[in-house]
2 protein chains.
Amino acid sequence: MEREQLLKLDNQLCFAVYALSREITKIYRPHLEELGLTYTQYVTLLALWEEDDITVKELGARLYLDSGTLTPLLKRLEQMGLIRRVRDVKDERNVLIQLTEQGKALKERAYEIPEKVFCHLGLDPQEISQWRKQLTQLTHTIQQFKSEE
Amino acid sequence: MEREQLLKLDNQLCFAVYALSREITKIYRPHLEELGLTYTQYVTLLALWEEDDITVKELGARLYLDSGTLTPLLKRLEQMGLIRRVRDVKDERNVLIQLTEQGKALKERAYEIPEKVFCHLGLDPQEISQWRKQLTQLTHTIQQFKSEE
DNA sequence: TAAGATTAAATTGTGCACAATTTGTTTATG
DNA sequence: CATAAACAAATTGTGCACAATTTAATCTTA
């Protein structure tokens, strides 16, 4: 790429992803508000609805977040009555995250979220699926790159 | 999509973009640290290196950020001596953002950032370019959708 | 031209996001 | 066994990100 083009904002993949991520979050926000959740709380619950009773560490690996972000977030979800934080008796370094009945029940109300969000955006589901796969692949590539350093 | 698949984390485009955005930022961080910049400060300067002497409003439209985020960020850049914040004498509601000589000079050192970041990632520049265009298009689609509501 | 509407920044308050450090537990090793 | 190394969460501190509100300037229009 030409030197002159190298620093143009619209030529940065990083900015395209960064801007899109925030715009997508803004689309979710009003719908999530009805469930009383922030966006990060929502994806945390998505992970837990798939696999329950896992450690903060495992949850962090799934979401690419560390304990600095997760600990206060999980305390909020606990205060809302959606999860429990339990020290693992077998290894007291670990804290297990368990959905409460209320937390499990919220899943039923959450099904409408992805439906509502993409309902009127006029996007081809197949195309979206392809992008998703490619972006996930790129995330993994970066992850691998980091661990090689 | 099957109801059972609807809430799976790995089926969410939103999560793919959200995770990728944060992973990309983590790649930039150590390189930007050498320039003493955060990621958002960096993209703000990218915008200003393209077009200087613009209002906070215009800068916000370019970056999809509002004054709540920009005002404190711009104050920090001002303290670093990279920009000036000047009330527009023609319309005192506006604040014009102007690069200082030091801010303009930093551009020379910034050229190495995109080079370093993608140097060893083994990504095809053409492919990246295509993704960037598609992601930007999707951001615009969402923007348009929001303004129609 | 005065009152209300509109606009741009700034402010306030909440919640991430993450680096760096601390605390407490477990494992490895001399 | 003791002690160092490794490990998982929690804590601390900085900087976004954004909704909601406030402040101050400008525009509209009756």
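So you know, we letter chains A, B, ... as the sequences are listed, proteins then strands, and number each from 1.
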Has [X] got a side-chain N or O lying under 4.0 Å from the OP1 or OP2 atom of [N]?
| X | N | answer |
| --- | --- | --- |
| A/Arg93 | D/dA10 | no |
| B/Arg85 | C/dA10 | yes |
| B/Arg87 | C/dA8 | no |
| B/Tyr18 | C/dA17 | yes |
| A/Thr71 | D/dA10 | yes |

Strictly distance-based, threshold 3.5 Å: is any side-chain N or O of [X] a donor or acceptor partner for the main-chain N or O of [Y]?
| X | Y | value |
| --- | --- | --- |
| B/Trp49 | B/Gly103 | yes |
| B/Ser21 | B/Val17 | no |
| B/Glu58 | B/Thr55 | yes |

**Prompt:** Which residue lies toward the 5' end of DNA chain C, A/Tyr64 or A/Val89, if each is placed at its nearest nucleotide?
**Reply:**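 By nearest-heavy-atom nucleotide position, the 5'-most residue is A/Tyr64.
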**Prompt:** When you match A/Val95 and A/Thr25 each to their closest nucleotide on DNA chain D, which lands nearer the 5' end?
**Reply:**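 So the residue in question is A/Val95.
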**Prompt:** Start at the 5' end of DNA chain D and walk down; is the nucleotide closest to A/Leu70 or to B/Gly68 reached first?
**Reply:**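 Between the two, 5'-proximity favours A/Leu70.
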**Message:** Counting only heavy atoms and a strict 4.0 angstrom limit, can you tell me which residues of residues 36-60 of chain A come near DNA chain D?
**Reply:**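 Residues of residues 36-60 of chain A that come under 4.0 Å of DNA chain D are, in numerical order, A/Thr55, A/Val56, A/Lys57.
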Looking at [options], which one has an atom nearest to any side-chain atom of [X]?
| X | options | answer |
| --- | --- | --- |
| B/Glu92 | C/dT11, D/dA25, D/dC18 | D/dA25 |
| B/Lys75 | C/dT27, D/dA9, C/dT11 | C/dT11 |
| B/Leu73 | D/dA8, C/dC18, D/dC16 | D/dC16 |
| A/Ser67 | D/dA9, C/dT6, D/dA8 | D/dA9 |
| A/Asp91 | C/dT25, D/dA9, D/dG15 | C/dT25 |

Between [atom2] on [N] and [atom1] on [X], what's the gap in Å once rounded to a whole number?
| X | N | atom1 | atom2 | result |
| --- | --- | --- | --- | --- |
| A/Asn94 | D/dA8 | CG | C1' | 6 Å |
| B/Asp88 | C/dT7 | CG | C1' | 13 Å |
| B/Lys90 | C/dA8 | NZ | P | 17 Å |
| B/Leu20 | C/dA17 | CG | P | 15 Å |
| B/Arg29 | C/dA20 | CZ | C1' | 13 Å |
| A/Ile97 | D/dA10 | CD1 | C1' | 12 Å |
| A/Asp66 | C/dA19 | CG | C1' | 8 Å |
| B/Arg76 | D/dG13 | CZ | C1' | 12 Å |

**Prompt:** What heavy-atom pair brings A/Glu23 and B/Ile142 nearest, and what distance separates the two atoms?
**Reply:**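 So the two residues come closest at O-CG2, 4.0 Å.
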**Request:** Measure the acute angle between the ring planes of B/Tyr39 and A/Tyr18, then classify it against the limits of 30° and 60° as parallel, tilted or perpendicular.
**Result:**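 B/Tyr39 vs A/Tyr18 ring planes: perpendicular.
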**Prompt:** Is the CD atom of A/Gln130 crowded by more than 12 outside heavy atoms at less than 6.0 Å?
**Reply:**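 Not buried by this count: 12 neighbours or fewer within 6.0 Å.
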**Request:** May I ask you to test the A/Leu7-B/Leu45 pair for a side-chain heavy-atom distance under 4.5 Å?
**Result:**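 Heavy-atom side-chain distance check fails, nothing below 4.5 Å.
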**Asked** What distance separates B/Leu70 CG from B/Ile97 CD1, expressed to the nearest 0.5 Å?
**Response**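 If we round to the nearest 0.5 Å, B/Leu70:CG and B/Ile97:CD1 are 8.0 Å apart.
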